[in-house]
Protein chains: 2
Amino acid sequence: MKWDSLEDEPCSLARTVAVIGDRWTLLVLRECFLRVRRFDDFEASLGITRHVLADRLKKLVRFGVLRKIPYQEAPRRDEYILTQRGLDLYPIVMSIVQWGNVHMVDSRGRPMLHEHKTCKKMFDPVMVCSECGEPLTAKAVHVHPGPGARQSSPVHAKAQERAKRD
Amino acid sequence: MKWDSLEDEPCSLARTVAVIGDRWTLLVLRECFLRVRRFDDFEASLGITRHVLADRLKKLVRFGVLRKIPYQEAPRRDEYILTQRGLDLYPIVMSIVQWGNVHMVDSRGRPMLHEHKTCKKMFDPVMVCSECGEPLTAKAVHVHPGPGARQSSPVHAKAQERAKRD
DNA sequence: ACCATAAGTTCTAATTTGGAACTGTCAATA
DNA sequence: TATTGACAGTTCCAAATTAGAACTTATGGT
């Protein structure tokens with residue numbers, strides 16, 4: 001599989017992975033949500049090579065996740081700002097952080113705490129069902145092909161059988 | 001930055017990214033949640049090379065996300081099954097799917113629909129605050145250093161200033 | 001004896017990344 | 001005037017990773 005074809009796959013996960021699914025991109029996005037905006041600042045806080053950073057920023061702009069906004073002319077300098085499309089990645093970032101908080105902390109505890117301005121409390125992110133509000137678990141969810149699906153492979157037919165048995 | 005040092009960073013996102021932060025790993029996990037379990041089935045449904053697949057499965061086992069369970073002896077054959085640690089990745093997978101559903105669908109619509117067995121309705125995953133239950137947005141969240149933090153860099157001090165201004 | 005199944009491993013070539021130096025434009029300093 | 005520094009990249013080569021295909025090992029079936 002070629003990586004450019006990933007965004008054309010009939011799978012919402014694959015298409016999103018085509019945009020954000022590599023290590024440096026996720027770390028760049030972390031910095032964006034921490035309000036880092038400039039090329040050299042990304043480099044300094046991440047230790048990413050300039051080569052790869054330029055590539056990742058270009059890709060995020062191309063996918064509409066970031067927008068370049070000039071903050072001075074002569075010489076022209078731009079900041080990279082999250083678009084709404086980019087801000088919508090927040091649940092992904094937070095669910096990654098949450099898993100790390102639960103499964104990857106060392107004895108010193110969490111590196112970072114989150115306060116909800118709305119209710120003024122320290123919180124954890126929780127993923128719930130839009131219909132009933134209950135927290136979601138993998139076992140409580142059934143998948144169905146949607147209108148944009150193509151017919152399932154033999155492998156998935158086999159897996160489907162397993163799903164029925166369980 | 002070396003990739004092995006990523007899991008030692010004082011950042012829950014970086015530590016999680018060390019486990020799941022590459023394209024093939026995320027696609028392998030998608031298959032796991034679709035109940036694919038065997039080496040050749042992963043290969044067939046993903047088109048991943050056997051070399052990389054073996055590497056990624058080994059890594060996921062090492063991090064406790066998957067467990068090898070024998071399904072026959074002589075010759076011994078194992079299936080890869082999600083552990084609880086792995087099942088806990090579900091919010092990450094679903095938030096990635098959800099972003100794709102919103103921002104990457106084509107005219108044919110969603111490739112896949114999700115039904116909540118608990119309430120029997122088709123749903124979208126929503127990330128909410130554990131304390132007040134409101135949906136989370138990036139702008140409504142304030143970050144604080146936690147007990148496992150190290151002091152912030154000049155870059156982040158600058159970003160912190162911006163956060164106050166906004 | 002020959003073929004098939006399953007889960008890898010090994011090999012070489014192509015691609016991507018790391019690390020460092022270089023470029024272009026402007027402002028401030030010596 | 002010449003030099004230095006800031007900023008946002010680009011360019012270059014070596015090192016690491018991935019793609020693609022063939023090979024291995026153990027066993028059962030015809």
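First the proteins, then the strands, lettered A, B, ... as listed; each starts at 1.
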Counting heavy atoms from C-beta on, name the nucleotide in [options] closest to the side chain of [X].
X	options	value
His51(B)	dT10(C), dG24(C), dT27(D)	dT10(C)
Trp24(B)	dA19(D), dA6(C), dG9(D)	dA19(D)
Arg77(A)	dA26(D), dG18(C), dG24(C)	dG24(C)
Val52(A)	dG9(D), dG18(C), dT18(D)	dG18(C)
Pro75(B)	dT10(D), dT27(D), dT18(D)	dT27(D)
Tyr80(A)	dA6(C), dG9(D), dG8(C)	dG9(D)
Arg50(A)	dG9(D), dC7(D), dA7(C)	dG9(D)

Does [X] reach the side chain of [Y], with side-chain heavy atoms less than 4.5 Å apart?
X	Y	value
Pro125(A)	Gln98(A)	yes
Val141(A)	Glu115(B)	no
Arg162(A)	Arg35(B)	yes

Value in whole Å for how far the [atom2] atom of [N] lies from [atom1] of [X]:
X	N	atom1	atom2	answer
Leu57(A)	dT10(D)	CG	P	11 Å
Arg76(A)	dA27(C)	CZ	C1'	19 Å
Arg23(B)	dA19(D)	CZ	P	10 Å
Lys59(B)	dT18(D)	NZ	P	8 Å
Glu43(A)	dT17(C)	CD	C1'	15 Å
Leu60(A)	dG9(D)	CG	P	13 Å
Arg37(B)	dA7(C)	CZ	P	13 Å
Phe39(A)	dG24(C)	CZ	P	17 Å

So what does [X] touch, heavy atoms closer than 4.0 Å: a base, only the sugar-phosphate, or nothing?
X	value
Asp78(B)	sugar-phosphate
Arg56(B)	sugar-phosphate
Phe42(B)	nothing
Arg38(A)	sugar-phosphate

Do Ser95(A) and Ser95(B) have side-chain atoms, one donor and one acceptor, less than 3.5 Å apart? yes
If you find the nucleotide of DNA chain C closest to Ala74(A) and the one closest to Thr49(A), which residue's nucleotide is nearer the 5' end?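 The residue whose closest nucleotide sits nearer the 5' end is Thr49(A).
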Below 4.0 angstrom from OP1 or OP2 of dA8(D), is there any side-chain N or O of Tyr71(A)? yes
Side-chain N or O of Lys58(B) versus OP1/OP2 of dA7(C): is the shortest distance under 4.0 Å?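 Answer is no, no contact under 4.0 Å.
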Could you list the residues that satisfy side-chain hydrogen bond (donor to acceptor under 3.5 Å, both in side chains) with Asp40(A), not counting sequence neighbours? Arg50(A)
Reported NE2-to-CG distance for the pair His116(A) and Leu136(B), which is rounded to 0.5 angstrom: 5.0 Å
